[in-house]
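Quick note on labels: first sequence line is chain A, next is B, and so on, each numbered from 1.
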Protein chains: 2
Amino acid sequence: MGEVTLKQIAEELGISVTTVSKALKNYADVSPKTKTAVINLANKLNYQPNSFAVNLRTKESKTIGLIIPEIVHHFFSNVVNAIIEKAEKKGYLVIILQSNESEELEKKQIDLLLSKRVDGILMSLSNNTKNLDHLKKVIEHNVPLVLFDKISKLLDCSKVVIDDKSAGYDATEHLIKSGCKKIAHFRGPLNPQGSIDRFLGYKKALEDYNLKFDSSIVFTCEKVSFNEGYKFAKKIHTEHKDVDGIFAITDLVGIGAVAYFNEVGVKIPKQIGIIGFSNWFMASVISPSLSTIDQPGFEMGKKSLKLLLKEIKATKKGNQIQHQTVVLPTKVIKRNSTAF
Amino acid sequence: MGEVTLKQIAEELGISVTTVSKALKNYADVSPKTKTAVINLANKLNYQPNSFAVNLRTKESKTIGLIIPEIVHHFFSNVVNAIIEKAEKKGYLVIILQSNESEELEKKQIDLLLSKRVDGILMSLSNNTKNLDHLKKVIEHNVPLVLFDKISKLLDCSKVVIDDKSAGYDATEHLIKSGCKKIAHFRGPLNPQGSIDRFLGYKKALEDYNLKFDSSIVFTCEKVSFNEGYKFAKKIHTEHKDVDGIFAITDLVGIGAVAYFNEVGVKIPKQIGIIGFSNWFMASVISPSLSTIDQPGFEMGKKSLKLLLKEIKATKKGNQIQHQTVVLPTKVIKRNSTAF
DNA sequence: AGTAAAATCGAAATCGTTTTCGGTAAAATC
DNA sequence: GATTTTACCGAAAACGATTTCGATTTTACT
């Protein structure tokens, strides 16, 4: 019942463990005869190398760590989808952890992954992460690290992102071109760079098209939720009747706004245009369907993994690694919540 | 730069590796003096035990494997959410793999996890899995296995499920009680037990309420998609005008139907009542909001993990394990797509 | 036949930790 | 003072695979 080991094969064949090992790894100094004998017996016994022993010897686990803020999230689950699929094809397994937007948990999880000696770490920062010491530790330990989506510019590692500012610009421009004259913004939390950049893009577009920026119609979503979208839509409807366009930080927020306006009978997009962000599946099936910015989650996961594997390989060879930042394109998805 | 080992600590302190190891594990036969000396130095050097070596010695990896059909899926991502969160708290890490509904991939992934020597496996079967040899192999290898949601009754292991038949009954009954007289069913694929049971529950409810079962208004969704819901709704609308209720195998299918009827101006729930299954978030935000059956994903993940950890512990002790099947309750969520 | 080259094998060290089992020294007991 | 107990420590053997390096055998070549 115990697992088959090299030793057992060696004994059964009357040869040494060394030769068995070499035969299985197709070394040149093993005769074809013994080679086939070993291979046949190994197959017959269904030999599987003990990966604990292999890990110890080779000092690599063929495992990578992945930390994301939350998994029940259309964008992130798409990223995860790409990563685990591609990783498996390259012979890597993925350990997934979620930080739940907590810096403290993030710290612990980094320590966990480091102690498990994963070959590399892929990660999207929590919104509340301010101190970056735990990430610097990863870099100091010489463990390859690739950040995606929620990144920090202060970290010296490879990154995969979208251009949030230009995406925010595009979203706002789309509303303007579809006839909106006074555009509100339901922005994200104040800390994350992505949220800041989308806001900056929004502002820039207003400037370029000579629309007055008005901070009283910029609302901050702390949790980026349906309810906040609903709540701020109500605020717009009661206190800012002249607003005729909304750029929401996320589809979920946008859908909250759509739900409110549907409820009170405000016509979308006739009376008010709405655009979201991310292109969740959900956005395509509500009515009216929500215009949005497509954020390529699958591509991002794929690219991040590719970069990480490259760095793992380089590190193993002892080569100096060249960090790079990849910017993935986004595009405007026009649907029925904007009247283009 | 190299990692700190017991040996280094031992040398620096002029004692043996054995004593260092024992000191850190708080053995009784180490004097308090050397104990504190070791602990202090270990902390100072930030010693982390090499988990490869620990794994090899203890023959356990403190890692479990999780295989699901797909991760970009509200129900499954909720299950995953629960599992990785609870596992982390219990000192276990989770390796996630997705079978993409392919039996072949599932086989490979089981082999992978087995070769990585995970301490246990959690899994939801692919819809296309017919041969169960790979799962029997897991059991033969004495690796604890817990199946959830998509299970097979032929496998001798613990299981966590919902009562699909009674849930299907409840859904259908709810339509009947809200006034529907002719109820169609958009069922799932023919193979998976869950899909069969929901259909059986549907049939039973019709019988109990003296409604005629009519196989011409039972449609089979192969991929359980939005498009299928849309397509079959159209079919109902054009070929079965007298149908006034639909029980959809999943919210996604239900939402497809809602979208179609919205488009052609059929009033929900006045002209037709619709109920879905799973209680995706999406179902609550479309209009009209979709009545559904709540399928407790988080609970299921939590319970499955708990069972698995219990079996892992028992196996380690060499105890005989008592397999059990847990049935989690579902409930009807009444919303605006049914006129109760 | 004698030597050089090639082919084939295995002993042993190593990875870092855990744990058993003896051994020595100090303290307690008679 | 002799003996037993207790406290403390370390050598060594695992765990299973990999790899270096030397040894032996066989073949090839003068």
Side-chain angles (χ1 to χ4, degrees), chain A residues 1-39 41-42 45-63 91 114-119 141-142 316, chain B residues 1-39 41-42 45-63 91 114-119 141-142 316:
Chain A
M1 192 78 264
E3 300 295 323
V4 186
T5 66
L6 289 186
K7 198 176 167 190
Q8 291 174 31
I9 297 181
E11 277 168 6
E12 188 138 345
L13 252 36
I15 57 180
S16 78
V17 172
T18 309
T19 307
V20 176
S21 172
K22 285 194 207 166
L24 291 173
K25 312 203 92 195
N26 204 25
Y27 273 53
D29 63 344
V30 178
S31 75
K33 219 177 299 172
T34 56
K35 222 175 246 180
T36 54
V38 168
I39 291 172
L41 185 58
L45 299 181
N46 192 25
Y47 167 75
Q48 297 277 86
N50 182 315
S51 63
F52 297 159
V54 176
N55 288 347
L56 180 59
R57 250 323 284 238
T58 62
K59 292 177 184 302
E60 53 174 13
S61 58
K62 290 287 182 180
T63 301
L114 247 28
S115 84
K116 274 279 166 182
R117 282 175 160 73
V118 292
D119 296 342
H141 271 64
N142 236 14
K316 208 165 59 178
Chain B
M1 194 76 269
E3 301 294 323
V4 186
T5 67
L6 290 184
K7 198 176 166 189
Q8 292 174 28
I9 297 181
E11 277 169 3
E12 188 139 343
L13 253 36
I15 58 180
S16 77
V17 172
T18 309
T19 307
V20 176
S21 172
K22 287 195 209 166
L24 291 173
K25 312 204 92 196
N26 204 26
Y27 272 53
D29 64 343
V30 178
S31 74
K33 218 176 301 171
T34 55
K35 222 174 246 181
T36 55
V38 168
I39 291 172
L41 185 57
L45 297 181
N46 191 26
Y47 167 76
Q48 297 277 86
N50 182 317
S51 61
F52 297 160
V54 176
N55 288 347
L56 179 59
R57 245 329 279 237
T58 62
K59 292 176 184 301
E60 55 175 9
S61 60
K62 291 285 181 182
T63 301
L114 246 28
S115 83
K116 274 280 167 181
R117 283 174 160 72
V118 292
D119 296 342
H141 271 64
N142 236 13
K316 207 164 61 179

To the nearest angstrom, how far is E3(A) atom CD from dG16(D) atom P? 10 Å

Closest-nucleotide 5' rank along DNA chain D - winner of L6(A) and P32(B): P32(B)

side-chain contact (heavy atoms from CB on, under 4.5 Å) assessment of T19(B) paired with Y27(B): CA-CA 9 Å; T19(B) 307; Y27(B) 272 53; over 6 Å; no

Please check if any side-chain donor atom of S31(A) sits under 3.5 Å from a side-chain acceptor atom of T34(A), or the reverse. yes

For V4(A) and N46(A), what are the C-alpha separation, side-chain angles and deciding distance, and is it a side-chain contact (heavy atoms from CB on, under 4.5 Å)? CA-CA 8 Å; V4(A) 186; N46(A) 192 25; 5.9 Å; no

Starting from the C-alpha separation in whole Å, work towards a yes-or-no answer on side-chain contact (heavy atoms from CB on, under 4.5 Å) for E3(A) and H141(B). CA-CA 9 Å; E3(A) 300 295 323; H141(B) 271 64; 3.6 Å; yes

Whole Å only: how far is the CG atom of N50(B) from the P atom of dT18(C)? 10 Å

How many angstroms lie between atom OG1 of T5(B) and atom CG of N50(B), to the nearest 0.5 angstrom? 9.0 Å

Interatomic distance, NZ@K22(A) vs CG@D29(A), rounded to 0.5 Å, equals 4.0 Å

What's the CG-C1' distance between L13(A) and dT8(C), to the nearest Å? 15 Å

Separation of K33(B) atom NZ from dA7(D) atom P, in whole Å? 15 Å

Go through the steps to decide whether K62(B) and D119(B) satisfy the test salt bridge (charged side-chain N to carboxylate O under 4.0 Å, His left out), and finish with yes or no. CA-CA 6 Å; K62(B) 291 285 181 182; D119(B) 296 342; over 6 Å; no

For residues R117(B) and S61(B), report the shortest heavy-atom separation together with the two atoms involved. O-OG, 3.1 Å

So does R57(A) reach the base of dT14(C) with its side chain, donor to acceptor, closer than 3.5 Å? yes

Can you list every stem that DNA chain C is part of, counting only runs of 3 or more consecutive Watson-Crick or G-U wobble pairs with both distances under 3.5 Å? C:1-30 with D:1-30

Whether K59(B) contacts dG16(D) is assessed here as follows: a side-chain N or O lying under 4.0 Å from the phosphate OP1 or OP2. Is that the case? yes

L56(A) CG to dT19(D) P: how many Å, rounded? 13 Å

Heavy atoms within less than 4.0 Å of DNA chain D: which residues of residues 15-27 of chain B have one? Give them sorted by number. I15(B), S16(B), T18(B), T19(B), K22(B)

Pairwise 5' ranking along DNA chain D for D29(A) and K7(A), keeping only the more 5' one: K7(A)

Checking side-chain contact (heavy atoms from CB on, under 4.5 Å) for the pair L24(A)/L6(A): CA distance, chi angles, key distance, verdict? CA-CA 10 Å; L24(A) 291 173; L6(A) 289 186; 3.8 Å; yes

